[in-house]
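Here is how names work: the chains are called A, B, and so on, in the same order as the sequence lines, proteins then strands, and each is numbered from 1.
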Protein chains: 2
Amino acid sequence: MKLLPERTIERLSKYRRVLQRELDNGTDHIYSHELAKLLHITPVQVRRDIMLIGHTGTLRKGYGIENLIKLIGEIIDCSSSEQNVAIIGIGKLGQALLEYLNSSNTRLNLSAVFDNNPDKIGDSFGGTLCHNIDNLKKIIIRENITIGILTVPPEYAKEISARMVDAGILGIMNYTPVSLKLDHAFLEEYDVITSLEKVAYFAKPRHAEFL
Amino acid sequence: MKLLPERTIERLSKYRRVLQRELDNGTDHIYSHELAKLLHITPVQVRRDIMLIGHTGTLRKGYGIENLIKLIGEIIDCSSSEQNVAIIGIGKLGQALLEYLNSSNTRLNLSAVFDNNPDKIGDSFGGTLCHNIDNLKKIIIRENITIGILTVPPEYAKEISARMVDAGILGIMNYTPVSLKLDHAFLEEYDVITSLEKVAYFAKPRHAEFL
């Protein structure tokens with residue numbers, strides 16, 4: 001199957017989480033306009049995305065939630081097995097992300113965490129062993145880890161990301177404020193301060209009157 | 001001045017951080033193609049953004065870094081004073097974000113944190129006092145807080161965000177997995193799992209060969 005656009009993947013991921021919540025609450029069908037409302041997007045967008053992955057609802061009952069969750073899973077999960085993830089740098093942000101991962105029902109499997117702090121190496125973080133960053137390549141290969149969450153101090157970001165890719169990592173989620181460039185892996189970056197400065201800009205009193 | 005587009009504001013915020021780093025390293029001028037390279041975008045994009053805010057470099061020496069930082073600040077900061085920020089929910093993620101804020105040289109001023117945990121209320125987090133969430137409105141008004149970072153458990157997200165807006169908050173950065181809708185405040189949302197599932201999708205072995 002052809003790769004879907006990034007924004008579509010983001011929405012499918014969100015649909016699945018909302019649908020799982022509805023299913024857990026005992027709902028078995030949902031209309032596109034209801035799903036749209038839960039995510040504050042347009043019903044047209046929902047229908048377009050869901051047609052794109054080859055699902056159709058009925059006019060009478062809407063989409064079957066269980067089927068739709070399964071179909072989204074076939075598109076965005078690795079169908080053969082879970083994908084293994086590592087968190088590199090288990091400071092406060094790393095630990096917060098670990099809690100997020102462990103409390104969500106994503107198919108992503110946290111296989112290892114890494115740090116250079118001797119007090120953390122060998123400890124368990126939410127059930128996952130912290131390895132010495134010196135063993136990064138060995139553990140990534142052994143545990144078949146393909147996704148890395150980068151939460152090291154900024155001065156290490158470039159070097160460690162290069163070592164991750166060298167070890168076989170195929171995708172990096174970069175939470176450091178350093179903008180990276182990777183040649184042989186997918187890169188997604190999130191910068192806290194940029195988001196906050198954006199909110200601050202649009203939340204200025206002299207602008208807010210236009211909200 | 002007319003409001004600039006969201007993506008422009010994000011880039012200006014990133015330019016400023018990179019420029020500050022260059023200035024701290026003793027550089028006083030920079031060419032658009034150098035700035036572009038540091039952020040992995042095109043020189044055309046950089047020149048367009050910087051023309052938009054009314055700055056021009058010289059062909060010989062490029063942009064004067066100190067002037068450019070000052071000009072970006074006039075655009076994206078509140079010119080009269082710092083903007084006050086509160087973190088609502090001081091768990092691991094809240095504490096990680098607090099460290100981020102305290103270690104960056106943004107003009108955003110962290111004025112208060114809130115929680116409902118009696119063990120945290122009254123404690124100092126990186127120098128900022130933790131208040132009882134019951135006093136949210138009173139403290140927000142008293143401290144003139146206009147920006148809120150929402151890191152509460154998902155089940156509280158909707159109620160607390162409504163109370164924040166009611167108290168006078170003009171912008172909310174929502175880190176909970178619950179999608180919100182605000183009527184009288186600017187809203188920016190970031191969902192960890194969506195980002196990770198997107199990386200996972202594009203980092204599948206069967207896709208990675210196209211990278």
* Which answer fits Glu10(A), side chain, backbone, both or neither, if we ask what part of it has an atom under 4.5 Å from a heavy atom of chain B? -> both

* Asked: Relative to chain A, which segment of Leu180(B) carries a heavy atom at a distance below 4.5 Å: side chain, backbone, both, or neither?
  -> backbone

* Checking heavy atoms, do the side chain of Ser104(B), its backbone, both or neither come under 4.5 Å from chain A? -> side chain

* Asked: Which bit of Leu196(B) is near chain A, if near means a heavy-atom gap under 4.5 Å: side chain, backbone, both or neither?
  -> both

* Asked: Relative to chain A, which of Leu187(B), Val178(B), Thr106(B), Ile169(B) shows the most heavy atom pairs under 4.5 Å?
  -> Thr106(B)

* Asked: Minimum heavy-atom separation for Val199(A) to Ile172(B), with atom names?
  -> CG1-N, 3.9 Å

* Closest approach of Leu4(B) to Tyr201(A) (non-hydrogen atoms, all atoms of both residues) -> N-OH, 2.9 Å

* When rounded to the nearest 0.5 angstrom, what is the spacing between CG in Leu12(A) and NZ in Lys198(B)? -> 12.5 Å

* **Residues of residues 84-92 of chain A near chain B, each having a heavy atom less than 4.5 Å away** => Lys92(A)

* Asked: So with a 6.0 Å cut-off around CD of Glu66(A), is the heavy-atom count from everything else above 12?
  -> no

* Verify whether one side chain among Arg17(B) and Thr194(A) offers a donor that lies under 3.5 Å from an acceptor in the other. => yes

* **Plane angle bin for Tyr175(A) and Tyr190(B) - parallel if under 30°, tilted between 30 and 60°, otherwise perpendicular** => perpendicular

* Asked: Which bit of Leu108(B) comes within less than 4.5 Å of chain A, counting heavy atoms only: side chain, backbone, both or neither?
  -> side chain

* Which residues, numbered in order, of residues 149-156 of chain B come under 4.5 angstrom of chain A by heavy-atom distance? -> Ile149(B)

* Would you mind checking which part of Glu197(B) comes under 4.5 Å of any heavy atom in chain A, side chain (CB onward), backbone (N, CA, C, O), both or neither? => both

* To do: Heavy-atom distances under 4.5 Å only: say whether Leu182(B) touches chain A with side chain, backbone, both or neither.
  => neither

* Counting only heavy atoms closer than 4.5 Å, note whether Leu97(A) contacts chain B via side chain, backbone, both or neither. => side chain

* Structure fact -> Heavy-atom closest pair (Ser195(B) atom, Glu188(A) atom, distance to 0.1 Å) is OG-OE2, 4.4 Å

* To do: Looking only at non-hydrogen atoms, find the nearest pair between Leu38(B) and Ser179(A) and report the distance.
  => O-CB, 4.0 Å

* What part of Thr176(B) is in contact with chain A, defined as an atom under 4.5 angstrom from a non-hydrogen atom: side chain, backbone, both or neither? -> backbone

* At their closest point, which heavy atom of Ile193(B) faces which heavy atom of Tyr100(A), and how far apart are they? -> CD1-O, 4.1 Å

